[in-house]
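All chains are named by letter (A, B, ...) in the order of the sequence lines, taking the proteins before the strands, and each is independently numbered beginning at 1.
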Amino acid sequence: MENFNIFIRSIFVDNMIFAYFLGMCSFLAVSKNVKTALGLGAAVTFMLVISLPINYLLENYVLRAGALKWLGPEYADVDLSFLSLIMFIAVIASLTQFVEMAVEKFSPALYSSLGIFLPLIAVNCAILGGSLFMQQRDFPSVWTACCAGAGWGLGWLIAIVAIAAIRERLQEYSNIPKPLRGVGITFIITGLMGIAFMSFLGIKI
Amino acid sequence: MATNNKNLSALINPLSKDNPVIVQILGICSCLAVTAKLEPAFVMGISVIAVLAFSNVIISLLRKTIPTNIRIIVQLVVVAGLVVIVDQLLKAYQYDVSKQLSVFIGLIITNCILMGRLEAFAMGNKPWPSFLDGIGNGIGYAIILIIVAFFRELLGSGTIWGLQVIPQSWYEHGYANNGLMILPPMALIVVACIIWVHRIYNKDLQE
């Protein structure tokens, strides 16, 4: 139940885009149409679900102060937490490369539709941000980390699909002042959607 | 002379015409999150300038030896190493600011400005121009950060750098701070206004 609450919280209350503004660059660059937005959203969700538990285990059994106790009592006061940034990004970058190779081998169709986005994911701040928030919040178990990852990923997916749908309509039906076209208006829409998503802030679950 | 001009434009262009935030649309995330107050925005700007300049130089020195297949990992490791240094320095000398910036110092690693400049410039240029390019883009980023933070702090809390600038008598006559400016969504709208004004004067950027 606890885990389910965290899952729902991560989708709406702690939404990566509208509450923390993470993963904004690819969010703005790849939201021109719904289909590619859906592909990138799926890839990000997938990476968050895999990388968060791995980084959780790494954090709790290798990096944090006293985490190396299982090696023997003489390691009990080793603190490697200053290495966490490098370890997390290395895990994410190598996972990205690995996932890219696996997808290419087993599902060429998916690979050609995701192709260009997969390498982009390594530098998507939402993924590293997820791991850093996980570190900050001290999740109780690896399942919690998994659920939070799934929630953040889905929240990101919802956000990018929504904005892509709005942008598709905007191109056809609206008359925007010239200097504001393209990026400018997308920023404003994202801001307004962020204000709308703030209404979830009051919900306690 | 020609090389001098090229170096100069590597330094000057990112300030306005080729600004990383409002033209190349890179590094938006941190730009929105740390700009509620001027001081963290300033520290963030300095950190990014330092990391960007040095990672550009290092990657530029290594550019002939990095195999293309694993270049993303190499770039990320170089950047991560530099960010860890900055993070530890801030914790040691500017502890309060580093608490306010929380995860966003760590997120410099995935700041797209870094990857973008490393890929687009440092991989194909000599160390000195790369250094200038890093400084230029870092300053371009910091300028936007400071403009956004200035307006948000002025309108949102009535202060600049923590000092009150809106006179007390205004509050007594019914002036109120705009609480919305503190919240992150308004950062997006402020950036959109900057883009709007910038594109009015730079017609070739309009879509």
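- Applying the salt bridge (Lys or Arg N to Asp or Glu O under 4.0 Å) rule to B/Arg117 yields the partners B/Asp133; only residues at least two apart in sequence or on another chain are considered.
- Interface remark: A/Met198 contributes side-chain atoms only to the contact with chain B (heavy atom separation under 4.5 Å).
- Heavy-atom neighbours of chain B within the stretch residues 142-157 of chain A, taken at a separation under 4.5 angstrom, are nonexistent.
- For A/Ala19, the part lying near chain B is the backbone, with the side chain staying farther off; criterion is any non-hydrogen pair under 4.5 Å.
- Residue contact with chain B, scored on non-hydrogen atoms closer than 4.5 Å, involves the side chain of A/Leu28 exclusively.
- Between A/Asn55 and A/Ser131, the side chains place a donor N or O and an acceptor N or O closer than 3.5 Å (distance only, hydrogens not considered).
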* Given side-chain contact (heavy atoms from CB on, under 4.5 Å), test B/Ile105 with B/Ser47 step by step and report yes or no. => CA-CA 8 Å; B/Ile105 286 292; B/Ser47 318; 4.1 Å; yes
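- Within the 4.5 angstrom heavy-atom criterion, only backbone atoms of A/Tyr20 (N, CA, C, O) approach chain B.
- When each of B/Ile200, B/Val77, B/Val190 is scored by its heavy-atom pairs under 4.5 Å with chain A, the top score falls to B/Ile200.
- The two residues B/Arg63 and B/Lys126 come nearest to each other via the heavy atoms NH1-CA, 3.9 Å.
- When all heavy atoms of B/Ala187 and B/Thr35 are compared, the closest pair comes out as CB-OG1, 4.1 Å.
- Counting heavy-atom pairs closer than 4.5 Å to chain B, the top-ranked of the candidates A/Leu180, A/Ile189, A/Ile188 is A/Leu180.
- Partners of A/Glu59 according to the salt bridge (Lys or Arg N to Asp or Glu O under 4.0 Å) rule, which considers only residues two or more places apart in sequence or in another chain, are A/Arg64.
- With a 4.5 Å cut-off on side-chain heavy atoms, B/Ile49 and B/Met44 do not count as touching.
- Here A/Phe197 pairs with A/Phe18, A/Phe200 under the ring pair (Phe, Tyr, Trp, His ring centres under 6.0 Å) rule; sequence neighbours left out.
- Around atom CH2 of B/Trp161, more than 12 heavy atoms belonging to other residues, nucleotides or ligands sit under 6.0 Å away.
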